[in-house]
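Below: one structure, written as structure tokens.
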Amino acid sequence: MRSAAVELRGISKRFDAVVANDGVDLVLHRGTIHAVMGENGAGKSTLMSILFGLVRPDSGEIVVKGEPRSFRGPLDAIAAGLGMVHQHFRLFDSMTVAENVVYGAEPRRRGVLDRRAAAARVRELSERYGLETDSDAVVGRLSAGARQRVEILKALHRDAEILILDEPTAVLTPDEVDSLFAVLRRAAGEGSTVVIVTHKIHEVLAISDEVTVLRDGRVTGRFTTADATSDALVQAMTGREVRPVGNAGTGEPGEVALEVSGLTVTDRGVDRARDVSLAVRRGEIVGVAGVSGNGQHEVVAAILGTQRAASGAIRILGTDVTSLDVRGRRARGLAVVPEDRRGEGTAVTMSTAENLALGHHRTPPIGAANGWRRGWMSLRAQRDQARRLIADYDVRTSGERLPVGALSGGNAQKVVVARELSHRAPVLVVEQPTQGVDIGAIESIHQRLLDYRRDGGAVLLVSHEIAELQALADRVLVMFAGRIVAEYPRAEATTERIGAAMAGAGQGRPQEPVP
Ligand SMILES: Nc1ncnc2c1ncn2[C@@H]1O[C@H](COP(=O)(O)OP(=O)(O)OP(=O)(O)O)[C@@H](O)[C@H]1O
Ligand SMILES: [Mg+2]
């Protein structure tokens with residue numbers, strides 16, 4: 001057996017009433033990739049934060065290369081050879097790649113940053129690990145995948161031998177995932193030790209050597225990946241079997257509820273979305289596929305009203321809402337689950353109950369409809385509604401008063417989905433609705449979207465996951481370079497066709513005119 005790079009022994013951590021980690025033992029062998037799996041709230045991020053010195057355990061021991069360590073903070077962990085790639089990148093947008101990589105550990109010449117040495121260092125590390133990057137590029141302009149490579153380079157620059165990645169693929173497209181995995185394999189081949197948190201079983205089977213499964217803060221399974229089956233992993237995670245939901249076709253869709261015509265969105269002189277037209281009918285789910293950065297997000301933002309349309313129109317239930325603000329559009333029957341749950345989706349410092357009520361607080365049952373109390377909020381109604389949604393959507397939390405920022409990533413996502421779906425708005429736009437949620441929760445959100453359609457809702461579903469689109473959508477549109485380049489009805493929406501159109505080889509049917 002290979003030697004242990006890291007041993008966590010009996011790690012426990014409690015947040016008030018919640019036991020996030022309960023006597024966890026974890027051994028990371030040198031030169032291997034170790035996956036950590038578990039449902040939302042199982043304690044994965046807490047364990048990784050403890051390993052990186054961000055959170056102090058209540059008890060337990062961290063042993064790095066045979067030496068017991070007590071980290072007072074991340075700097076101690078870095079000094080011991082650990083590096084962490086954060087999901088919410090901690091980079092400076094206005095600085096270049098090289099500046100970000102060396103920040104805090106700069107090569108200096110006569111006291112100032114040695115730019116040439118920094119660029120050379122970035123090049124050396126890029127080549128050694130196969131990390132494609134441009135050291136002069138400004139980080140703010142980079143895609144999620146490219147930013148992540150900068151985070152990895154940052155850790156490698158500090159000589160990290162043990163890399164911690166918490167849900168690194170959640171924000172990546174399939175191609176970016178492939179190149180990340182190539183980098184991780186290379187790093188393990190060079191003797192590094194990698195620990196990766198992910199919800200995706202196919203990723204675990206593809207990338208890891210060993211797997212540890214957590215449930216309710218405890219280890220419920222340890223596997224050598226070569227001997228692990230998908231069923232065994234699911235069983236260890238959930239204690240039950242999970243069956244994927246199927247999209248049993250519905251009847252004829254009804255009238256057009258959401259209509260986008262000739263929409264162009266321009267950002268700093270660049271057309272992000274160009275002449276986009278689409279229509280979603282009641283009782284229909286229309287999927288939008290595309291590699292991130294091809295205009296899908298801008299279309300969603302323009303529908304919601306957080307980004308201005310340079311030209312074109314948006315209609316909800318026949319009303320032109322193009323000149324209305326976000327509130328006005330919501331009042332006309334729009335609900336939106338945005339991609340960025342921390343920025344647009346939630347207010348992290350506010351309680352879960354308040355977050356669940358955002359946008360509901362002017363209408364009954366939470367807000368009084370009329371009379372002298374019109375516009376007032378009933379705190380009891382807010383609390384009752386929050387408790388109901390928390391139970392319905394299985395949000396794992398110690399209570400509705402906990403700030404959303406203290407929820408685990410997947411549970412925060414469930415809060416946004418619960419709030420928006422509970423509006424029962426005629427038009428629902430969802431962007432990456434299952435990002436960061438565990439497989440059981442994915443199935444439950446999928447079922448709810450299908451129910452929404454069955455009840456006559458018009459759903460626009462934007463997703464990087466082709467399988468998700470195939471499972472739910474009646475039609476799939478593909479965006480490339482800001483345009484809709486292909487449209488496939490459900491029966492023709494094969495992975496090959498969608499994948500080819502996403503890559504710009506659009507052989508699909510020309511877009512139908514909007515009725
Ligand atoms: N700062 C905090 N204050 C209060 N509770 C917390 C805090 N951090 C984590 N918790 C709780 O600890 C539990 C474990 O959370 P953790 O973030 O480790 O889960 P996770 O396995 O990473 O889940 P996910 O897959 O959703 O990211 C959750 O119940 C969470 O609400
Ligand atoms: Mg987490």
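Only heavy atoms go into these numbers, but all of them, side chains included; no hydrogens, no water, no symmetry mates. Order of listing sets the numbers, starting from 1, for every ligand and every atom in it.
Of the residues listed (Met237, Met37, Glu39, Lys44), the one engaging His199 in a side chain to side chain contact (heavy atoms under 4.5 Å, CB included) is Lys44, and it is the only one.
Atoms OG1 and NE2, from Thr434 and His464 in turn, are 10.5 Å apart once rounded to the nearest 0.5 Å.
In terms of polar-atom proximity, defined here as any N/O pair under 3.5 Å, Ala406 does make such a contact with ligand 1. In terms of polar-atom proximity, defined here as any N/O pair under 3.5 Å, Ala42 does make such a contact with ligand 1. In terms of polar-atom proximity, defined here as any N/O pair under 3.5 Å, Arg396 makes no such contact with ligand 1. Considering backbone and side-chain N/O atoms, Gly43 comes within less than 3.5 Å of an N/O atom of ligand 1. Between Val18 and ligand 1, a contact under 3.5 Å exists for no N or O pair.
Under the 4.0 angstrom criterion for non-hydrogen atoms, Lys13 is not in contact with ligand 1. Residue Gly41 places a heavy atom less than 4.0 Å from ligand 1. Within the 4.0 Å heavy-atom shell around ligand 1 one does not find Met48.
When each atom of ligand 1 is checked for a heavy atom of Glu167 under 4.0 Å away, the hits are 25 (O), 27 (O). Close contacts of ligand 1 with Gly410, meaning ligand atoms under 4.0 Å from a residue heavy atom, involve 24 (P), 26 (O), 27 (O).
At a cut-off of 3.5 Å, with distance as the only test, a side-chain donor of His297 or Glu431 sits close to an acceptor on the other residue. In the model, Thr193 has no side-chain atom that pairs as donor or acceptor with a side-chain atom of His29 under 3.5 Å. Judged by distance alone, the side chains of Asn411 and Ser408 do bring a donor and an acceptor atom under 3.5 Å apart. Judged purely by distance below 3.5 Å, without hydrogens or angles, the side chains of Glu400 and Ser351 never pair a donor atom with an acceptor atom.
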Derivation of the side chain to side chain donor-acceptor pair (under 3.5 Å) call for His34 and Thr212: CA-CA 8 Å; His34 196 115; Thr212 296; 2.7 Å; yes

Candidate pair Glu203 and Thr169, rule side chain to side chain donor-acceptor pair (under 3.5 Å), full reasoning: CA-CA 9 Å; Glu203 292 183 353; Thr169 62; 2.8 Å; yes

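For atom 18 (O) of ligand 1, the closest heavy atom belonging to the protein is Thr46 OG1, 2.6 Å. In this structure, atom 4 (C) of ligand 1 lies nearest to the protein heavy atom Phe15 CB, 3.5 Å.
Within the coordination shell of the Mg ion (ligand 2), defined by N, O or S atoms under 2.8 Å, Ser45 is present.
Looking at Arg419, its side chain never comes within 3.5 Å of a backbone N or O of Val337 through a donor-acceptor pair.
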